[in-house]
Amino acid sequence: MPADEQSPTPTPTAPELPVGTVHLNHTVVYAKDRRLSAEFLATILGLTVDAPFGPFLPVDLGNGVTLDYYEQRDEPVQSQHYAFLVPDDAFDGMIARLEAVGVTYYADPSHTEPGRINRLFGGRGAYFDDPSGHNMEIMTRPYART
């Protein structure tokens, strides 16, 4: 290489995705209080809250997806549903953390069976509200789709 040319500075790159696949990278979760909601979910799932990224407070799910909490103060937060496939051996700890912070969990998405879990598709699952009113779900087996 001639002396007046410099080698290019390497640019960080994202991991290569398999050809023809689409992966969710992040989604914004609106919250009344982004820190409260992000820390609540991270605590229940046994995760950590990352450093703020602009107006967002990310929770890394460990599979390449982040939930980017965004504070929405001027209008009500529209409730959404978020379902998390969790390891079977971590499920009991998550239920215990919900109980420890006084959050009721339910066997069903309509919240009519308090303090119970479901056993759908050979796994275990539960629903609970986060501080902004989102309907969160933890499940140990994915739903069978036909």
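Side-chain atoms are counted along with the backbone in the values below, which use heavy atoms only and exclude waters and symmetry mates.
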* To do: Run the numbers on Leu120 and Met139 for side-chain contact (heavy atoms from CB on, under 4.5 Å), then give the verdict.
  => CA-CA 9 Å; Leu120 297 173; Met139 59 186 180; over 6 Å; no

* To do: Would you please test Leu57 and Arg35 for side-chain contact (heavy atoms from CB on, under 4.5 Å) and show each step?
  => CA-CA 7 Å; Leu57 195 56; Arg35 176 145 315 270; 3.7 Å; yes

Do [X] and [Y] share a hydrophobic cluster, counting only Ile, Leu, Val, Met, Phe, Trp and Tyr and linking them when any side-chain heavy atoms are less than 4.5 Å apart?
X	Y	value
Met94	Val65	yes
Leu85	Leu24	no
Ile44	Val59	yes
Leu36	Val49	no
Phe56	Phe40	no

Interatomic distance, [X] atom [atom1] to [Y] atom [atom2] [nearest 0.5 angstrom]:
X	Y	atom1	atom2	value
Asp88	Asp92	CG	CG	7.5 Å
Leu98	Tyr105	CG	OH	8.0 Å
Asn135	Tyr82	CG	OH	11.0 Å

Side chain to side chain, [X] and [Y], heavy atoms closer than 4.5 Å:
X	Y	result
Leu41	Phe84	yes
Leu47	Leu61	yes
His26	Leu67	no
Ile95	Phe91	yes

Which pair of heavy atoms, one from [X] and one from [Y], lies closest together, and at what distance?
X	Y	answer
Asp68	Pro58	OD1-CB, 3.3 Å
Asp129	His111	OD1-CE1, 3.2 Å
Glu71	Arg34	OE1-N, 2.9 Å
Ala126	Ile117	CB-CG2, 4.3 Å
Tyr30	His134	O-NE2, 2.7 Å
Pro76	Gln72	O-NE2, 3.0 Å

* Asked: Is it true that atom OH of Tyr143 has more than 12 heavy atoms of other residues, nucleotides or ligands lying nearer than 6.0 Å?
  -> yes

* More than 12 foreign heavy atoms under 6.0 Å from OH of Tyr70: is that the case here? -> no

* Is there a side-chain contact (heavy atoms from CB on, under 4.5 Å) between Thr140 and Val86 once you walk through the steps? -> CA-CA 5 Å; Thr140 62; Val86 302; 4.2 Å; yes

* To do: Using modelled atom types only, decide if a donor and an acceptor are shared between the side chain of Arg97 and the backbone of Thr43 within a distance under 3.5 Å.
  => yes

* Verify, without hydrogens or angle tests, whether Ser37 (side chain) and Pro131 (backbone) share a donor-acceptor contact under 3.5 angstrom. => no

